[in-house]
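What follows is a single structure, written as structure tokens, with notes after it.
Below, chain A is the first sequence line, B the second, and so on; all start at residue 1.
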Amino acid sequence: MASTNPHAQMPQITALPDIMPNPEGGAPGLTLAAISGKTLINLRASDKIKASLDTLFGTALPTQPNRLSIIGASRAMWLGPDETLLMIDEARQAEFMLKLGATLKDTHYAATIITDAIRILRLGGARRLDVLAKGCGLDLHPAIFAKGHCAQSLLSHASVTLARDAEDSLLLFCRTSFSDYVTSWLKDAAIEYGYRLDTSPAPHR
Amino acid sequence: MAKNNQKNMTIAARSSASIDSQTPISFTFDGRKYQGCKGDTLASALLANNVHLTGRSFKYHRPRGIMGAGAEEPNALVGVGTDGRIEPNLKATQVELYDGLVAISQNRFPSLKLDVGEINSVLSRFFPAGFYYKTFMWPASFWMMYEHIIRHAAGLGKAGDDHKDPDRYEKRHAHFDIVIIGGGLSGLMAGLQAAKSGQRVLIAEDQPQWGGWLRACEDIIIDGMSGQAWAEQAVSRLQEMENVTLLSRTTCFGYGDHNFLTLAERVSDHLAEKPAHLPRQRLWKVRARQVILATGAIERPLVFAGNDLPGVMLASAAQTYLCQYGVLVGTRGILMTNNDAAWHNAFALHRAGCRIKVIVDTRQNPSPALIKQATDLGILTRIGSGIIAAHGRLHVARVEIAPLSEAGDALTGEPEHFDCDLVMMSGGMNPVVHLHSQARGKLKWDERSHCFRPSTTHEAEQSVGSCNGSFDAAIGAKEAIAAARKAIKANSGEAAEITLPEITATKIKWTPMPIWQIPTGQPAGQGGKAFVDFQNDVTANDIQLAVREGYHSVEHVKRYTTTGMATDQGKTSNINALAILARERASDIPSVGTTTFRMPYTPTSIGMIAGRDIGGLFDPVRTTPMDKWHRAAGAKFEHVGQWMRAWYYPKDGENIQEAVIREVEAARQYAGLLDASTLGKIDIRGRDAAEFLNRIYTNSWLKLGVSKCRYGLMCKEDGMVMDDGVTTRLAEDHFHMTTTTGGAAGVLDWLEEWLQTEWPDLQVYLTSVTEQWAVATLSGPAAREILKAAGTDIDLGDDNFSFMSMREGHISGLPARIYRISFTGELSYEINVPARYGMALWTSLMRAGKNFGITPYGTEAMHVLRAEKGFIIVGQETDGTVTPYDLGMGWIVYDKKPDFIGKRALARQSMGLGDRKQLVGLRTKDPKQIIPEGAHAVLDPNQPPPVDMLGHVTSSYFSPNLGHSIAMALLRGGHARKGETVYFPMLDGKPPIEATITDTNFYDPKGERLNGQH
Amino acid sequence: MLEIKCPYCGPRDEEEFSCGGEAHIARPLSENSLSDKEFADYLFYRDNPRGVFLERWRHAAGCRRWFNVARDTLTHHILEIYPMGAKPVSKAGRAAYNANWRRDSQAEIAAQPASQKTNKTSSAKR
Ligand SMILES: [Zn+2]
């Protein structure tokens, strides 16, 4: 029989409530909101090839490392020299994929829908960067990780992508299998400052 | 010893800027209640209560008192807290007092004043230098004799009882342009310069208050203000600036590569009521572009007989207790010094009411002005003299003072005796070079100040002020500004103009006399113990002994005598030890060199290092889309990597064996349902995808038809099996690869590595889709019927949907890709749906299968089912030393291909040798007996040791479908041994298990069940 | 903890990277006549010098790209970071590359297409 860890039977993650008031009063230092209704497409294509999608996407896809393109409700995150993460409204998915296929026909590319593989959280609140700094080695200073920047890094023991698409909040992408861990970790890290988790899917701003 | 009733220092009478005498605080030390003030440290409060005896020494259990006033304290180590909160080895000089604080002394039994261990002191020949080394080297029989002594003596302090640590600890990353360690005059000066120039600045100060030595210094005037007032003003200006982070109560304990610093912030240690939302301590992981060290200096003790008695104290510490905490540490004092600075400390104490009876200066010609000042105050002076011994039982009571030769190495007259209750000592200053040294900066010996100073640096760091050997305040301040400007420039910033403040202070010549041991006038080894390292109980004699015994290198002497080790890290002992070593070697200090200062600078709690990576957050737990269903069904789980997988589903009090037998039988008789979502999945696209797979896998992939699946084995370049799985051709240039659960991330990285580094010419893109798809594996004779019942638009007939192919369509209205592949040997479908539909798929299959006897099965049943078929599990049948041939899977190696990873290695001569361990099956003689996994096989159970072992069991189960146990094993030359008998000796005295070597395919060897025929 | 400058993402903490060991170990082409012993130079033997070492790193938690690093194993100074397929350009990096025993090994020669066999300095993609 395979041996197993006795802890496997224990509830793994501290059950923290969805709301923890700010111990010092005022608004919670961290807000977390799950974002749904989006399609995520992992696009593998060289800069040259992906440039032909700029019209379809609505604006130029990022070619500079760790930059983010924003147009309406759509986002495009630079993940690597030939890898981009596209986020569009789910309602556009069918048409978008069709046009993408037509545009990139006969080129070397891969566009893979990974909507179900990724959980998206919007992090807000005055202490959001302090919470992230507890597990992320990136320099998140607002002047350095400015609006329009994105980065892949580690949040404690999970891989995450952060995208600063707004002045007062940012997006966090993590794999769905890690999302319980990441959410619990964020809540636990925010106990100092208070937090509020909105589980009801919030429409994207 | 000063009498307790001599309340010369009532609480109300204490006054100093750092102490709030209006706020009394109660605390206990060794069970006795005392009162201190807000702002006290435990040390200052104990001294205010006339408690000097605070601990027993490490080896000899000698009475020890408070010697320093900060991080340098070697003696007054205490345990603070109760129950799970006890923290040992805290320096009383660094413990901030709070109401209700409970502290205990260490290394004493049964009590401080009556300590049975003190007898060690009398029997001290048992504890010479190198005691541990000698004990370990002696004949083994001696070990028993010493073991119990070592068990008691080894290690300082005692951790909390076996309670869970109730506190929270935090960690955080931070980035700064300039990090300044030390918040004294030079640290604040550098901080002001850097902050005004717009740099992102961190200033960290070890103490609760800012200012460092300024707070203990009476005579310094900066811009017309007292030193302390100036520091407060500087800090309030810095606090207003957004680009500045100020951390007090924060010790930088580590300085690592590429300007990575670790700092311990004591957030709530000092609070009587610890707020639940705040961590106790916070670990700062800081990356700095530039570092400025302003860590100050530590006074050196003098080495003389009895220098460890309570009441013997560093002169600077006595002044700190007076000026900073309003505590006068004695009533009748003696100072021994080799430098000017300490004279002023003595004058300060004298003026405050401690009668300084004698100032003993080892130098022949100290400044006449100092002598005059002393004489004017009515203080006797003994010039060119030394304290050759201090006496007293639990406190210093008397000293012997004798004239010394000019070099200070011999007595030139008879000793005089003086009564006293305080001995202040000063042997010069040691710059705190620990962090500079941790950062691999080099040191140079300063012939004027007789200390090591930083010389060349390795990281982008600079030392300023006292830690750079610049003890003069004005010079230190100037140096700090210059260093900050240099750092700003290195950061491509522009330095703002700031004016150097006007600093006036008593002029002091920082040129101590190099005297490293006061002679006793008696032969070596007699005349009382003169301590060099107080914390590790190392005497001058021990160092002499080490040299006599042939230990000459400073690193050897350090380990042989233990000087400068442990929590002290040589703060007070380092230079004296080096100097005595140099003298014994008839060498000089620079050529003896220094030992390496290790991190942490001060002891650091394990809790803080762990932070919040404990309990449920220790490691990520990955869950599948169907996780909640398994939990609701009462499944037991097992960890597979970070995944939690349903292990088995016990029903009505079943144990694991009963549950697994039920699940295994159901999968063969009706249908079983397994959550296989954790399998790694990789989407592979591009013109060269097939060619790529052909090079990755050992078998052939070029001709695989669209919608067809194929099992593949991948090897590392050394020919050893790395992973396996089924890969399906979705389109001409598009494949869906599955990997083992545990291997998913590693395989993706492996494939990327080959594409990026070896075959960049191949047009292939990889995307991980592990979490995109939820997978339910439906397996068993009723599988097809259940799919039909669930409702599908796919023609499930063998003609349309044959074994090892894939169809796309819908199940219960859910979009699905179904792979007809089998890991059980039964008719089997792996149904993939987008993860959001995973739960819906699972529940609809369970509903549809209800009348067909569908049974959810876990990973344990899966293991039994595949073992019945002899299917391997990578990582169980393989361990990185097993080739496809060893597994009997030569059929999957297509060596006609021009190339695949591992091909050349598999062709090595050594791979073909018959004595490699090979995978075989085992049938036990007693069909009910299950061989433990890992059991070793032998041919002759009666052979004498050393036993010749053939190999070991990799998998072993009871097979309910076969009615007997089955096992697989890797045995030397196993393939040629089929039919032979082997034995598995048992550890517990039971007779060896006897088994016959067989094939591995135990069940349905012809594979007839794959089509649901039976 | 080292700070490594990913050629794409810039300076990041070492914990985001994984080290792939010695760089510039060219893989012998499948058509070769290497003896087992010569092949072992490619398969098993790895350098562990005191001083400048050319090694491969991957930005594992970031852009997942491989690149080469010239690192002094004694001081942890990073002298140079350069792309896969390229050779070091710093003086110390070049010296380390050229002084490596592999440059003369049969395994490395067998990694070059026949047309380039005479020109020892090309090839060596890894
Ligand atoms: Zn990168």
State, yes or no, whether a side-chain contact exists between [X] and [Y] at a heavy-atom distance under 4.5 Å.
X        : Y        : answer
B:His258 : C:Ile78  : yes
C:Met84  : B:Gln756 : no
C:Glu14  : B:Phe260 : no
B:His173 : C:Asp13  : yes

| said: Quick check on C:Lys5: does its NZ atom have over 12 non-hydrogen neighbours (other residues, nucleotides or ligands) under 6.0 Å away? | reply: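 Result for NZ/C:Lys5: open.
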| said: For B:Leu702, I'd like to know if atom CG has over 12 heavy atoms of other residues, nucleotides or ligands within 6.0 Å. | reply: yes
| Pairs where residues 894-903 of chain B contributes a residue and the test side-chain hydrogen bond (donor to acceptor under 3.5 Å, both in side chains) is met, not counting sequence neighbours | B:Asp899-C:Arg27
| note | Looking only at B:Ala745, B:Ala907, B:Pro898, B:Gly256, the option with the highest number of non-hydrogen pairs under 4.5 Å against chain C is B:Pro898
| task | Could you look at C:Leu43 and say if it's the side chain, the backbone, both or neither that has a heavy atom under 4.5 Å from chain B? | result |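 Contact with chain B involves the side chain of C:Leu43 alone.
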| field | Contact class of C:Ser35 relative to chain B, heavy atoms under 4.5 angstrom | value |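 Just the backbone, heavy atoms under 4.5 Å.
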| request: Could you tell me whether B:Arg904 sits above the aromatic face of C:Phe39, with NZ or CZ closer than 6.0 angstrom to the six-membered ring centre and within 45 degrees of the axis? | output: yes
| task | Would you confirm whether the ring centroid of C:His77 sits within less than 6.0 angstrom of the ring centroid of B:His458? | result | yes
| note | Rounded to the nearest 0.5 Å, the CD1 atom of C:Ile25 sits from the CD atom of B:Glu758 at a distance of 10.5 Å
| query | When rounded to the nearest 0.5 angstrom, what is the spacing between CG in B:Asp749 and CH2 in C:Trp66? | reply | 8.0 Å
| field | Interchain contact, B:Leu748 with chain C, by part (heavy-atom threshold 4.5 Å) | value |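 B:Leu748 touches chain C through side-chain heavy atoms alone.
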| task | May I ask you to say whether C:Arg58 pairs ionically with B:Glu752, meaning some side-chain N is under 4.0 Å from a carboxylate O? | result | no
Locate the shortest heavy-atom distance separating [X] from [Y]; write the atom from each residue and the value.
X        : Y        : answer
C:Asp36  : B:Gln909 : OD2-N, 2.8 Å
B:Asp257 : C:His76  : OD2-ND1, 2.6 Å
B:Glu753 : C:Arg56  : OE2-NH2, 2.7 Å

| Which residues pass the side chain to side chain donor-acceptor pair (under 3.5 Å) test with B:Glu170, sequence neighbours left out? | A:Lys134, B:Arg168, B:Arg612
